[in-house]
Each structure stands twice: as structure tokens, then as C-alpha cells.
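Read the structure below first, then the notes.
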Amino acid sequence: MPAMDGLELLQQLRATTGMQELPAIFLSARVDRQTVEAAHRLGAAYLAKPFMEEILYAAIEAALTRGYEGLWTAIEAANHRSPSP
């Protein structure tokens, strides 16, 4: 995105009335500690590329049905079910 990155966009969306609980999932090849921690502070899940489909699907389903709280539970469960590389 030329004007801002995803973290900035999410900050702006969260500042909007009615968007504070907007579930967010970042899917990125950028996997540095500072970026991941910033996403987590905003209440977003952060999945690194390459990603496992099962984990992405679990994150999406949790975000849509249970919001942020269910998101982490679903990702952890999917991680435990997925075979190690």
C-alpha cells in the first residue's frame, strides 16, 4: 500500500467508532519481531508466509464467528494439528 502499511490502516480503523473490535489477520512475508509485536498489540493475528492453509482457515473462521478471543485459540489448535515441516 503506497500511503500506509497494514498496521497504520488497522490503527485508523480501530480509531473509528464501531470498529474497535474489528478482527484482523495479517498475512505477510515480513516477519520481524517489532512488526509481529505491533500487530499483536493491536489485537491482530499475524501469520507468516509461507503459511499452512489449515491455520489460515482456522484464523478466518474464528475471526468471523468468535472474534479476536477465539482467534488465538483456533490458531493454536490448528498449529498442534498440522504436521511439522
Side-chain angles (χ1 to χ4, degrees):
M1 297 182 345
M4 68 180 81
D5 64 20
L7 294 172
E8 293 169 317
L9 174 62
L10 184 57
Q11 285 175 323
Q12 288 186 9
L13 289 172
R14 291 274 166 80
T16 304
T17 304
M19 299 286 250
Q20 292 82 8
E21 298 298 320
L22 176 71
I25 303 167
F26 286 93
L27 181 59
S28 178
R30 184 176 173 186
V31 190
D32 61 86
R33 181 179 301 268
Q34 183 179 4
T35 303
V36 173
E37 288 176 354
H40 289 173
R41 281 192 302 274
L42 288 170
Y46 199 96
L47 305 179
K49 293 178 186 177
F51 62 92
M52 290 182 275
E53 286 180 39
E54 298 84 14
I55 295 173
L56 177 59
Y57 293 150
I60 292 168
E61 181 180 350
L64 293 175
T65 61
R66 294 171 291 200
Y68 177 70
E69 291 302 318
L71 187 57
W72 290 108
T73 304
I75 291 172
E76 285 300 313
N79 272 327
H80 291 300
R81 286 191 309 265
S82 298
S84 298

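In this text, all values refer to a predicted model and were calculated from it rather than measured experimentally.
Residues passing the salt bridge (charged side-chain N to carboxylate O under 4.0 Å, His left out) test with E8: none are found, sequence neighbours excluded. Among residues two or more places apart in sequence or in another chain, the salt bridge (charged side-chain N to carboxylate O under 4.0 Å, His left out) test is passed with R41 by none. Checked against side-chain hydrogen bond (donor to acceptor under 3.5 Å, both in side chains), S28 has the following partners two or more places apart in sequence or in another chain: Y46.
Distance check, rounded to the nearest 0.5 Å: CD of E61 to CG of L56 gives 11.5 Å. Note that the CG atom of L10 and the CD1 atom of I25 stand 11.5 Å from one another [nearest 0.5 Å]. Here the straight-line distance linking atom CD1 of I55 with atom CE of M52 works out to 3.0 Å at 0.5 Å rounding. Of the inter-residue distances, the one linking T35 atom OG1 with H40 atom NE2 reads 11.0 Å to the nearest 0.5 angstrom.
In this structure, P23 and A63 approach most closely via the heavy-atom pair CG-O, 3.3 Å.
Inter-residue side-chain proximity for M4 and Q12 is flagged as met; some heavy-atom pair is nearer than 4.5 Å.
Clustering ILVMFWY residues whenever any of their side-chain heavy atoms sit less than 4.5 angstrom apart, transitively, puts Y57 in a cluster other than the one holding L64.
Heavy atoms of other residues, nucleotides or ligands lying less than 6.0 angstrom from CD of Q20 number more than 12.
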